[in-house]
Visitor: 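So that we are looking at the same thing, I have put the structure below in structure tokens.
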Amino acid sequence: MEHPSADRNALKGSRSLSGLASGLALALACVAGTGALACDAKPKDPAPAAASTAAPSGAPAASATATAVAPAATGKTAAPEVAKVPADPAVPAVPAATGAAKGKAPASNGLKSGPASPKILKAARSIQKDLECLRGLKFKRDPDVAFQSLGDFRAYVDKQVKKELGGKKGAQLVRMLHALDIVDPSVDVINMLIEAAVGQAAAYYDPETNTFYVVQEMPPLMLNSVMAHELQHALQDQHTDLLDEYLDQGFGTTDQDLATRFVVEGEATLIGHSWLVSDTQTRLLGDNAGPKICHLKGARSGAPEQFWPIMRNVVAEASKQTRDDVLNPGLLTRLAANSMMSEGMAESMEQLKSLPVYFFYTLLLPYNQGGMTVYSRFEEGKYDWSKVDELFAKPPESTEQVLHPEKLVTREPFARLEVAEVLPFDGDAAALAGWASDPIDRLGELTLRILLIEEGTAERAANAAAAGWNGDAVRVWHKQDMLAFDWKIGWDSADAMQRFVAYLPGVVAAQRGGEDPKGQGVQGLERLDPKAESAGLPFTWTDSQGRGRHGRISWSKCELRWTDGWPAAVKMSAERNQTRCKASQEPSQPQKKPSRAPKTPSQPQGR
């Protein structure tokens with residue numbers, strides 16, 4: 001069955017880092033503690049590994065000294081032979097970055113661009129057969145498999161990132177992230193992403209060349225796992241228009257672009273995890289290892305109702321991983337013990353700590369939570385892929401729908417808010433001369449979560465505070481080095497809105513308080529009462545250039561409005577709210593104390 005067509009730009013901004021993310025997602029599943037995915041590479045009766053004595057034709061010169069792992073004797077079926085990607089002993093370790101965008105990629109990855117070794121190619125073809133069985137789709141053509149030198153990979157990343165973010169729409173995204181202080185304005189987003197990709201990615205699939213590229217040393221098991229994920233993207237590419245090319249416009253909003261990424265990466269993550277479970281069971285226990293869908297030779301076996309519930313446990317555990325879980329120093333030790341981590345990948349994971357919070361979550365969540373998002377639809381279809389095909393035909397509209405799979409089933413609607421291009425101001429209109437506005441955007445529930453986390457709110461508390469989102473609209477204005485915004489956010493209920501509002505004083509204080517060269521912070525926030533049924537509170541602050549700036553937070557019923565960054569000479573006028581509370585909501589209950597106390601102007605946290 002063909003995947004229905006969908007917009008080709010759904011992976012904008014993510015593909016250059018996808019090899020690292022797919023490998024990390026699979027590695028995390030191995031150590032999630034479910035017992036269903038024991039990724040120890042050692043079979044019951046391991047056969048001794050055979051060393052490669054000659055470089056295969058077309059392989060990098062360094063592979064002459066690489067070690068090839070022989071198939072293990074584990075019953076009737078053996079694991080595919082995989083040559084370990086060579087490491088260059090002369091390459092110095094990559095130092096862990098200590099600040100945003102400070103991590104630098106190594107000078108070499110020890111690889112020369114060219115075709116992969118016959119053993120890696122053989123493994124790829126074997127994995128392709130498994131994917132055809134798991135997904136029920138045939139490869140129309142075999143993807144190429146190749147090594148890529150660091151220089152060639154850097155040139156590719158440079159081209160892709162500048163193509164995706166260097167144009168008009170990319171500039172608008174960067175201004176929005178800086179205006180809302182979701183990414184520190186001092187961060188050069190384009191160069192940061194280039195360095196992050198070059199220093200961290202392990203492998204990737206390029207739809208333009210129909211090639212799976214290996215760009216970093218990986219243990220054999222990890223390499224196979226990453227191949228399963230990335231070759232699933234090749235299968236998507238051949239049955240949809242999704243990966244054929246990157247269009248300039250995407251879905252029109254940041255929210256839906258991110259939501260669609262959950263579908264594309266979520267399906268590949270589910271398939272990659274499923275392949276790894278079946279492969280591991282077969283290597284450890286042989287063909288009679290237990291419930292599975294596909295043997296390594298591609299033959300279909302087992303009952304879906306036995307195999308797929310195992311996978312539910314795997315993807316469910318992965319979806320619960322927090323940023324603290326991923327960056328836990330003990331994780332590297334556990335991954336290494338399960339043969340899922342090389343020295344280079346360990347250094348790359350250390351560099352994740354320097355990645356801005358926004359890019360950390362928008363990179364990793366489509367894998368870790370996207371697998372559960374896709375599985376929920378697959379399970380609803382009683383293990384028939386038609387429900388997943390529908391996601392490609394009609395992608396989700398909001399990150400709310402993919403963060404809460406039950407809302408994806410019903411395609412829960414949300415308020416369609418607007419922000420006028422010409423805003424109602426009081427005061428000195430001349431102060432607005434020279435300001436230009438960007439097109440309206442919708443950021444979604446995921447960005448609300450990240451905003452709170454960025455300023456120090458615990459992840460699970462931020463998730464709870466952002467739940468109840470019911471649409472939003474934001475517009476950014478810019479003049480030279482100044483940025484301002486007007487952001488309206490709808491909520492399902494007054495209680496849901498007030499849970500979020502409780503954190504706003506701390507967010508604004510953390511963002512703006514440190515800008516004042518005299519250390520006076522934000523003035524006016526102390527009067528904000530999150531429990532009030534309605535409010536309209538102006539506040540002022542001084543930027544790093546000593547200029548007076550102005551903002552205003554207001555709400556009533558189920559709509560919050562936050563505007564900020566304007567010259568002190570102008571004031572935002574009051575405006576009638578657009579959003580009604582949802583009729584299905586219960587009457588407003590007394591405000592409950594949030595699970596984490598919000599930051600206050602006198603006790604700012606975060607940056």
Visitor: So, does Q401 use its side chain to make a donor-acceptor pair with the main chain of E397 at under 3.5 Å?
Guide: yes
Visitor: Could you tell me whether the side chains of D384 and S386 share a donor-acceptor contact shorter than 3.5 Å?
Guide: yes
Visitor: Taking the ring centre of each residue, are Y156 and Y204 less than 6.0 Å apart?
Guide: yes
Visitor: Could you tell me if E267 and Q236 have a donor-acceptor pair between their side chains, going purely by distance under 3.5 Å?
Guide: yes
Visitor: Can you name the one residue among V214, I127, L131 that meets side chain to side chain contact (heavy atoms under 4.5 Å, CB included) with M227?
Guide: I127
Visitor: If the condition is ring-ring contact (aromatic ring centres under 6.0 Å, His included), which residues does F212 pass it with, not counting sequence neighbours?
Guide: none
Visitor: Work out which heavy atom in P439 is nearest to a heavy atom in Q172; give both atom names and the distance.
Guide: CD-NE2, 3.3 Å
Visitor: Looking at the rings of F153 and Y213, which for Trp means the six-membered one, are their centres under 6.0 Å apart?
Guide: no
Visitor: Please tell me whether Y367 and H229 form a close aromatic pair, meaning their ring centres lie under 6.0 Å apart.
Guide: yes
Visitor: Is the shortest distance from a Lys or Arg side-chain nitrogen in K129 or E132 to a carboxylate oxygen in the other one below 4.0 Å?
Guide: no
Visitor: Taking only residues two or more places apart in sequence, or in another chain, which ones meet F414 in a ring-ring contact (aromatic ring centres under 6.0 Å, His included)?
Guide: W469
Visitor: I'd like to know if R323 and E459 make a salt bridge, using a cut-off of under 4.0 Å between side-chain N and carboxylate O.
Guide: no
